[in-house]
Amino acid sequence: MAMNEPKTYFIRTYGCQMNELDTEIMAGQLHKKGLIAASDEENADLLIFNTCSIRDLAERKVMGKLGRMGRGHKRNQVIGVTGCMAMAKKESLFRKFPHLDFVIGTNNITDLGTVLDEVLYTKRQIVKTDDRFEENLDYLVAKRDNKIKAFVSIIRGCDKFCTYCVVPYTRGQEVSRPPESIVEECKKLVDAGYKEITLLGQNVNSYGKDQPEWNCLFHDLLGKLDKIPGMERIRFMTSHPIDITKELMEAIRDLPSMCEFVHFPIQAGSSRILKKMHRIYTKEQYLEKVALLREIVPNVSLGTDIIVGFPTETEAEFQETYDVLKDIRYSLAFIYAYSPRKGTPAMRWKDDIPEEVKLDRLQRLMALQDEVSNEERARMLGNTYEVLVERFNKDGKMLKGRTRCWKKVIFDGDESLIGTLQQIKVHSFSHETLIGELAKPQGHLKVI
Ligand code: 5AD
Ligand code: SF4
């Protein structure tokens, strides 16, 4: 058990963007308390693992790490676990890892400071894992390393209860953040020079439904944010297809700052599997929505998540997923093998698809998506796109940025372009990266 007041901290983050943002908020709270960031895990007086439970592999990584740390634990280091695994495992983590000092759930990150004080004062292990999120977080304290793009939380939790998913249990019920608070943070970010804001929630499209008296649904919120002077780009993650409304599609079409990219996770292409997953739409309903979105926003790019090997999925049902992927032609697809999660309804079904079958299905979909993405990149050659320039590429020579549709582009240019929006003409690509050049002024302007 640690004794000394920590002076430095290190937070290791696993999982999704919401976790990355929670890490930034925790880092901000620690700075406010006077701690400074350590260069690595070893050198930190306070070490926090902000964890993920979405798939078995995510949990195993942290469990392995905590086990190894216990064996080599010699110095006065305070160690805490936060995030989704904290919610899924709670105090049982102390039994497995006696060297752990605290466990703080996703709904208690406001309490980090007091929990830390309590650990130091009582020298006891402390656990704080409320089921419900109370809207009392100081979002403005977030310490962001990126100066160009920022995550902003708009709703926490999930009420959808897909049968495979731990999120409703690890993050609790949906709680929307007041629009004024979101607008205030976004204004501050734009004033500080941020060019792109990604609105975060497990299901952003549910925004405002839990607070009807606010009279502010997701598309209304987008309207408010788009009006902020200097707001260049807005994105959002992630959506449930059932809640993607016509109003939202029109907002993407009409609001200049809205990027034309929608993450539209289908999960499976068979209506029987979708029903078993409790996705509350059929394949046909999903396809109709995609058609409507493409009608309203013709230049939209789509992203998706897919799970292969869900219990009882037949080869023919997998083939339906394959065909949908081929038909829809997503820009981006995250493909996962089903992994049973404790406490979820799907646990009552046998995980009956052998691992090698899951892997084979996974690889077939990945190969297909590679083909689709290559074709898309080939279609982009010769065209000019708006790119937000973020930094130098890994090689240190070319600049790297992303188009509004989330495509990575590299091109030659100097440091002064970092943080600006540029028109880049794409001339080739290598793997997933498009290669281009600054678009030259188009000859003489004809004055008429
Ligand atoms: N097994 C595999 N993939 C999962 N996902 C969520 N739960 C599971 C699970 N038990 C995937 C879904 C979701 C993404 C974030 O992770 O595709 O959209
Ligand atoms: Fe992982 Fe989901 Fe929790 Fe994000 S919300 S950390 S993806 S379990």
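When a ligand or atom number is given, it counts from 1 through the structure's own listing order.
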> Would you call T163 and K276 a side-chain contact if the rule is heavy atoms closer than 4.5 Å?
Replying inline: no
>> Within ligand 1, which atoms have a heavy atom of Y336 less than 4.0 Å away?
In response: 3 (N), 11 (C), 14 (C), 16 (O), 17 (O)
>> Heavy-atom pairs closer than 4.0 Å: do any link ligand 2 to the side chain of N19, the backbone, both, or neither?
In response: side chain
> So does K32 pair up with D138, basic N to acidic O under 4.0 Å?
Replying inline: yes
> For atom 1 (Fe) of ligand 2, which protein heavy atom lies nearest, and how many Å away is it?
Replying inline: C52 SG, 2.4 Å
> Side chains of L35 and P6: closer than 4.5 Å at any heavy-atom pair?
Replying inline: yes
> Under a heavy-atom criterion of less than 4.0 Å, does Q202 contact ligand 2?
Replying inline: yes
> With a cut-off of 2.8 Å, does any N, O or S atom of C84 fall short of it relative to atom 3 (Fe) of ligand 2?
Replying inline: yes
> What protein heavy atom is closest to atom 5 (S) of ligand 2, reported as residue, atom name and distance in Å?
Replying inline: R171 NE, 3.3 Å
>> What protein heavy atom lies closest to atom 17 (O) of ligand 1? Include the residue and the distance to one decimal.
In response: Q267 OE1, 2.7 Å
>> Closer than 4.0 Å to some heavy atom of V167 - which atoms of ligand 2 meet that?
In response: 2 (Fe), 5 (S)
> Which of the listed options, D305, V166, D56, holds the heavy atom that is closest to atom 13 (C) of ligand 1?
Replying inline: D305
> Considering only protein heavy atoms, which is closest to atom 11 (C) of ligand 1, and at what distance to one decimal place?
Replying inline: R55 NH1, 3.3 Å
> What closest approach, in Å, do Y9 and A27 show between heavy atoms, and which atom pair accounts for it?
Replying inline: OH-CB, 3.5 Å
> Can you name the one residue among K407, R233, R404 that meets salt bridge (Lys or Arg N to Asp or Glu O under 4.0 Å) with E260?
Replying inline: R404
> Of all the atoms in ligand 2, which lie at a distance below 4.0 Å from a heavy atom belonging to S53?
Replying inline: 1 (Fe), 8 (S)
>> Taking 4.0 angstrom as the limit and counting only heavy atoms of Y338, give me the atoms of ligand 1 inside it, by number and element.
In response: 1 (N), 2 (C)
> Is the charged tip of R177 near the ring of Y139: under 6.0 Å from the six-membered ring centre and within 45° of its axis?
Replying inline: yes
> What are the atoms of ligand 1, with element, lying closer than 4.0 Å to any heavy atom of R341?
Replying inline: 10 (N)
> Could a heavy atom of A337 be found less than 4.0 Å from some atom of ligand 1?
Replying inline: yes
> Is there a donor-acceptor pair closer than 3.5 Å between any side-chain N or O of N50 and the backbone N or O of Y14?
Replying inline: no
> Do the ring centers of Y207 and F236 come within less than 6.0 Å of each other?
Replying inline: no
> Of the listed options (G157, G83, C16, A58), which comes nearest to atom 7 (S) of ligand 2 when hydrogens are ignored and any heavy atom counts?
Replying inline: C16
> Is there a nitrogen or oxygen of Y164 sitting under 3.5 Å from a nitrogen or oxygen of ligand 1?
Replying inline: yes
> Under 3.5 Å, side chain of H219 to main-chain N/O of K246, donor-acceptor pair present?
Replying inline: no
> Taking the six-membered ring for Trp, are the ring centroids of F264 and Y286 within less than 6.0 Å of each other?
Replying inline: yes
> Would one find more than 12 heavy atoms of other residues, nucleotides or ligands at under 6.0 Å from atom NZ of K187?
Replying inline: no
> In the protein, which heavy atom is nearest to atom 1 (N) of ligand 1, and how far is it?
Replying inline: S339 N, 3.0 Å
